[in-house]
Structures are given as structure tokens and as C-alpha cells.
Amino acid sequence: MRSNTMLGDWPMNSFALNFLPEYSDTAILDELRRVAAAVGGNTLILSEFSKHSKVGVTTVRRRFGSWPAALEAAGIAHLYNKPAPARKS
């Protein structure tokens with residue numbers, strides 16, 4: 001019988017980060033707003049968020065489905081920098 005502290009060959013605490021109470025939807029949205037205010041500017045790009053945040057971009061995307069959806073849920077969708085349309089040759 002396997003120990004309940006293992007998931008396959010990995011210790012369970014390796015995966016615990018996404019399941020801690022401070023990673024609730026509300027906490028993640030608060031973190032998005034906090035970083036946006038701290039960074040300032042007209043957009044909140046992934047690299048800036050990653051540099052200043054206490055939660056990873058992958059966690060945000062998985063929780064909300066996409067980066068734009070997370071910004072929308074946080075009430076800061078206006079900070080999403082939409083990719084420029086492809087140029088026609």
C-alpha cells in the first residue's frame with residue numbers, strides 16, 4: 001500500500017502549492033489587482049506579472065482559462081494588451 005504522502009513517485013507536498021487556501025480565486029484576483037497597481041502602466045503583461053507576483057502565471061491561466069479571462073474576472077480587462085493583427089504581405 002502506498003503512503004498517502006506520495007503521488008506516484010512524487011511527494012504530495014510538491015503539488016500542494018495550488019491547493020493552499022491562499023490560492024483561492026479571490027486571492028488570485030487580489031494578487032492580479034495588487035501587481036497591476038504596483039507595476040502601473042497601461043497594460044499588465046505576463047513577464048511583469050511573473051516578476052512581481054506571488055502566484056505563477058500557469059496557476060492563473062489554469063484557474064481562469066486564460067490570461068484575458070483572469071484580467072476580466074479581476075476587473076482589469078482594460079490592461080490586456082491584445083496581440084497586434086498579423087500583417088498581410
Side-chain angles (χ1 to χ4, degrees):
M1 185 168 171
R2 288 184 182 247
S3 164
N4 64 0
T5 60
M6 298 292 287
L7 180 62
D9 294 329
W10 293 87
M12 286 295 286
N13 62 1
S14 296
F15 298 98
L17 186 63
N18 287 329
F19 301 107
L20 294 174
E22 63 264 37
Y23 285 90
S24 66
D25 287 357
T26 300
I28 292 171
L29 296 174
D30 288 345
E31 184 67 357
L32 280 162
R33 289 186 285 266
R34 183 193 71 78
V35 172
V39 171
N42 296 326
T43 61
L44 180 58
I45 58 174
L46 296 171
S47 60
E48 285 297 312
F49 181 78
S50 293
K51 194 183 309 180
H52 300 285
S53 181
K54 298 176 185 176
V55 62
V57 171
T58 301
T59 300
V60 174
R61 285 179 165 165
R62 284 183 181 161
R63 187 68 57 89
F64 296 97
S66 68
W67 181 247
L71 295 180
E72 176 77 28
I76 55 174
H78 63 282
L79 297 179
Y80 176 60
N81 186 20
K82 296 178 179 96
R87 288 185 181 185
K88 292 183 179 181
S89 39

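Model, not experiment: these values are computed from the prediction.
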Interatomic distance, [X] atom [atom1] to [Y] atom [atom2] [nearest 0.5 angstrom]:
X: I76; Y: L71; atom1: CD1; atom2: CG; value: 5.0 Å
X: N42; Y: Y80; atom1: CG; atom2: OH; value: 16.0 Å
X: D30; Y: S24; atom1: CG; atom2: OG; value: 7.5 Å
X: I28; Y: Y23; atom1: CD1; atom2: OH; value: 8.0 Å

Q: Can you see which heavy atom on W67 is nearest to which on L44, and at what distance?
A: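 Closest pair (atom of W67, atom of L44, distance): NE1-O, 3.4 Å.
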Q) Which pair of non-hydrogen atoms, one from L29 and one from A70, has the smallest distance, and what is that distance? A)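 What the structure gives for the nearest pair is CD2-O, 3.8 Å.
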Whether [X] side chain and [Y] backbone form a donor-acceptor pair below 3.5 Å:
X: E31; Y: K54; result: yes
X: S53; Y: V55; result: yes
X: R33; Y: G75; result: no

Q.
If we check side-chain contact (heavy atoms from CB on, under 4.5 Å) with V35, which of these qualifies: H52, E48, K51?
A. H52
Q: Identify whether I45 and V60 are in the same connected component of the hydrophobic contact network (ILVMFWY, side-chain heavy atoms under 4.5 Å).
A: no
